[in-house]
Amino acid sequence: MKPSDDIKSTIQVCKTGFETRTHFREQLPELVENIVESCYDKECFEHIDAELIPSREPVIEILTRLREILFPGYFNKEKIDPTNLRYQMGRSVDLLFEILSQQITRSLRHECLRYDQPCVECVKLGYEEAVRFLESISKMRNVLATDVRAAYEGDPAAKSYDEIVFSYPGLFAITVYRVAHQLFEQQIPLLPRIMTEYAHSITGIDIHPGSRIGESFFIDHGTGVVVGETTVIGKNVRIYQGVTLGALSLPRDAGERLRGKQRHPTIEDDVIIYAGATILGEKAVIGARSVIGGNVWVTEPVPPDAKVVMDVPRLTYK
Amino acid sequence: MKPSDDIKSTIQVCKTGFETRTHFREQLPELVENIVESCYDKECFEHIDAELIPSREPVIEILTRLREILFPGYFNKEKIDPTNLRYQMGRSVDLLFEILSQQITRSLRHECLRYDQPCVECVKLGYEEAVRFLESISKMRNVLATDVRAAYEGDPAAKSYDEIVFSYPGLFAITVYRVAHQLFEQQIPLLPRIMTEYAHSITGIDIHPGSRIGESFFIDHGTGVVVGETTVIGKNVRIYQGVTLGALSLPRDAGERLRGKQRHPTIEDDVIIYAGATILGEKAVIGARSVIGGNVWVTEPVPPDAKVVMDVPRLTYK
Amino acid sequence: MKPSDDIKSTIQVCKTGFETRTHFREQLPELVENIVESCYDKECFEHIDAELIPSREPVIEILTRLREILFPGYFNKEKIDPTNLRYQMGRSVDLLFEILSQQITRSLRHECLRYDQPCVECVKLGYEEAVRFLESISKMRNVLATDVRAAYEGDPAAKSYDEIVFSYPGLFAITVYRVAHQLFEQQIPLLPRIMTEYAHSITGIDIHPGSRIGESFFIDHGTGVVVGETTVIGKNVRIYQGVTLGALSLPRDAGERLRGKQRHPTIEDDVIIYAGATILGEKAVIGARSVIGGNVWVTEPVPPDAKVVMDVPRLTYK
């Protein structure tokens, strides 16, 4: 049976389609060559022949296990009771130890090779530092408990402690910060920053792992909060969304010179900072129990027990 | 054949590696014991022997199904036409009913057991409330249509209604809010807040499910927006990124006392609030048709038809 | 053997449970009918019988491949060395070409049918525009290298170029913007906006693909940044979190009239804009080398080399 004219014309369309596709695909090899060549352009950035670094997936895995360990029963998929607690916890710690030690090793090795330093026993160091980290978990859990309580006391919309642990982005960001800060103190490169940037992408709260933050810390809502690398925060401090604790204006060439020096504010105990306040520079020492009003801009010291507020805005009629 | 010296030394390295690993792994059981023990520290938070609560995955599933139902054809993977609409919708509603009723049951049961209240017929209540929720869908869809229109009228960058439904984070946050508010009105615990915190993590827009918001509501860009629990917003209101409708300064011990009371602003019909404005407290009643300029700080009532703006900033030369 | 009374009563409970479930499920068909009917409500939005549009998953896939190509070796799962670079790159480009051309075709076809325009050769156009896009990759990589360098110079907390490429949300948002802008210039509908909204959801940085941005652009922290559709930004500009480059107050009916016109600021070379500044409207031309302080509100032109700062906030004692 001969194909009908209809089928013939359909086949023709298909053929044309196939030829079009082939025509464009034939250009791919040359495009690839151009792109590969431009990889060696000295101006550009590549990471060829370098060590693999900690990637997002294992970092999420580490933080997932850690939440199961730091807040037992809250984030497990199975119900935890006194009978199975030991088994569940053993499994979580075991998994955490393996991934964490591997990622620490990777972070160390990446720095070693990238910067042409001799790499001595990165695997052993990975295990060692993972154990050191695990030893700090009980202490971390105690500090996090003060943070949960601070949230409940500070937020009348909180219906229960459970709601805070389950759903408050501020507590998530603080948890990740406390974990990352511990690793930062252990001088692990890269990994802590990748952790806090993950929390930043989820919560909009950007806390540098290098900052030092006391217990009972509460961030409400939190989107847009920035806490810079050399910030020091006392106990019982409460900050709201959009608060920046940042560095002051830098001349164009200052980046290199200031690396590592204190460039950020000091916030003493019991301070409250309202939404959108911007506090910049190492001279901005906010004295204990002071209240910083919303949307203000502070670059000088504030004495204890003070209240800094914006002028009342102008009211006009249209 | 005897192994060569090279192979021998490689085997030695492997053996040392294995012993190192074993050495560190042998410390795990003690670490687990310490961690398990600290679970019972009275200061810390655990959720052992408590009921499972609504978790993130089913909440995402519920919101995915709801988007298919509220905006038919926009978020389905398959093409929807008048022929398969009824089948697709039937399937979406069926799936939604099952997961939603289960999660409502979980939310109720969690509260019952955690707070030692007698749990009466949580499963039946789950079904009942899920049906009640499904009955409200047509009404929700009507209100959401006014929100889409408000976005198109308010944003000259919008190329089409489709672009708004597909890609505007403000519309996503408002959709999740309208869903969560319906459940909040049905007095379902936990679930509504987990929903809005999910939208918060995606969009940076934090709307408490308890707030009451009229039709034709438009949030542009939206990152950093906060709408507190007892906020009341009229019809046809437009707000920009970084706007806070929040609670005023609280004394340290006020959390408990103020739980449930009105603590947030009232925004009347046709008000526009520009980027970064902070409006705090229940005394801040913004009169109809008023315009609040960017970055201002308002804690007092504003009459209708007013315009509140910041002073022109000081201009200096370097 | 007869069931014991205990088992009997258990069976009774199960039966009641089953009947309850059946009772509620029997209401589903009517609920579905009501929902289906309301789909045809003229006031509401549906996308029935329309073309499928670019969806989130392939857009994420496109951006994942592009990161592998634009920053070779940084985001690959396998280690890249000079031996396998060509194979890896070939594979990434191949995959990218297929998905990108398909999504471009979808975007074009969606516009064609939705707006009743005749659809001419959408598939061929998809291939053509994908090739055109691939040809622009080397240029994009060069510009992105200037952005990485600007970040390192501007941020003393940056420990290495690698840390910036791996973890800085600002660089991610700028990368997605440069990709989306290229497609916007090729007049592809929908796809560019879906890309930048994806970056927005991850980083809190909302850059419209239509804006024009020069090289060496640095966004620090970035949450809450908004860059509007008709904004023009020169070389070597640095902006911080919460900065808005937006449109001025619009009368209610202006949306339609202003579509496509310049409505956003112009930022000249070497300008720095601090956290939370709001710069609105096309009259706001910020002269070269000027510094805009945090939290200010600017709607007028600023001359070159100027410094705009807020008044010092009022200091009161409690």
Side-chain angles (χ1 to χ4, degrees), chain A residues 69 71-74 77 79-82 85-86 89-90 93-94 97 123-124 127-128 131 134-135 137-138 141-142 145 148 152-159 161-163 165-167 169 202-204 221 223-224 240-242 272 274-276 291 293-295 310-311 313-318, chain B residues 17 20-21 24 27-28 31-32 34-36 38-39 41 43-50 52-53 55 114 189-190 193-194 197 200-201 204 206 208 223-224 226 228-229 242 244 246-247 249-250 252 254-255 258-259 263 276 278 280 291 293 295-298 302 305-311:
Chain A
I69 296 168
F71 295 103
Y74 278 93
K77 280 201 181 112
K79 210 167 147 176
I80 303 292
D81 63 27
L85 172 64
R86 180 161 281 104
M89 198 56 93
V93 172
D94 188 15
F97 176 74
V123 173
K124 198 186 149 204
Y127 290 133
E128 245 172 49
V131 166
L134 288 175
E135 286 168 348
I137 278 183
S138 303
R141 191 186 278 153
N142 278 303
V148 175
Y152 189 76
E153 279 158 27
D155 182 10
K159 300 287 178 293
Y161 289 119
D162 288 353
E163 194 187 1
V165 178
F166 282 133
S167 75
I202 298 292
T203 63
H221 311 296
T223 309
Y240 288 82
Q241 67 275 14
I272 298 181
Y274 280 98
V291 174
N295 295 28
M310 250 176 80
D311 285 326
R314 205 149 39 88
L315 193 66
T316 59
Y317 290 83
K318 286 188 287 199
Chain B
T20 306
R21 188 174 138 84
F24 285 107
Q27 305 177 33
L28 287 187
L31 282 164
V32 170
N34 291 340
I35 290 170
V36 168
S38 80
C39 285
D41 184 333
E43 292 301 300
C44 293
F45 291 92
E46 44 70 24
H47 200 252
I48 299 162
D49 228 9
L52 286 171
I53 63 120
S55 56
R114 187 78 172 176
L190 280 169
R193 182 67 187 262
I194 294 176
E197 280 303 344
H200 184 194
S201 81
D206 182 1
H208 196 286
T223 308
V226 172
E229 187 187 16
T244 294
S249 170
L250 294 174
R252 284 270 155 206
L258 290 173
R259 234 163 276 276
R263 310 176 308 277
T278 304
L280 300 184
V291 173
N295 296 25
V296 300
W297 161 265
V298 177
V302 169
D305 300 297
K307 201 171 173 176
V308 179
V309 294
M310 250 178 78
D311 285 325

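Chain identifiers are assigned alphabetically (A, B, ...) following the order of the sequence lines, protein sequences preceding nucleic acid strands; residue numbering begins at 1 within each chain. Since this is a predicted model, take the numbers as computed values, not measurements.
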Under 4.5 Å, counting heavy-atom pairs only, tell me which of D94(A), T203(A), V165(A) racks up the most with chain B.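 With the most close heavy-atom pairs to chain B, the winner is D94(A).
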
Residue, of V93(A), L85(A), I69(A), that accumulates the most heavy atom pairs under 4.5 Å with chain B: L85(A)

Is it the backbone or the side chain of [X] that comes under 4.5 Å from a heavy atom of chain B, or both, or neither?
X: F97(A); result: side chain
X: I202(A); result: both
X: E163(A); result: both

Quick one: closest heavy-atom pair of P156(A) and E229(B), and the distance?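 Shortest heavy-atom contact: O-OE1, 4.4 Å.
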
How far apart are the closest heavy atoms of S167(A) and E197(B), and which atoms are they?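 Result for this residue pair: O-CG, 3.1 Å.
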
Ranking L190(B), V32(B), V226(B) by heavy-atom pairs under 4.5 Å to chain A gives rank one to V226(B)

Under a 4.5 Å cutoff for heavy-atom pairs, which residue among D206(B), I35(B), N34(B) has the most contacts with chain A? I35(B)

Assess whether side-chain contact (heavy atoms from CB on, under 4.5 Å) is satisfied between K124(A) and F24(B), documenting all intermediate values. CA-CA 9 Å; K124(A) 198 186 149 204; F24(B) 285 107; 3.9 Å; yes

Ignoring hydrogens and geometry, is there a side-chain-to-backbone donor-acceptor pair from R193(B) to K159(A) under 3.5 Å? no

What part of L28(B) gets within 4.5 angstrom of chain A, counting heavy atoms only: side chain, backbone, both, or neither?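 Side chain only.
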
In terms of heavy-atom proximity below 4.5 Å to chain A, should N295(B) be classed as side chain, backbone, both, or neither? both

Once rounded to the nearest 0.5 Å, what's the spacing between atom CD of E135(A) and atom CG of L31(B)?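 CG of L31(B) is found 5.5 Å from CD of E135(A).
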
Look up atom OH in Y240(A) and atom OG1 in T278(B), then write down how far apart they are to the nearest 0.5 Å. 12.5 Å

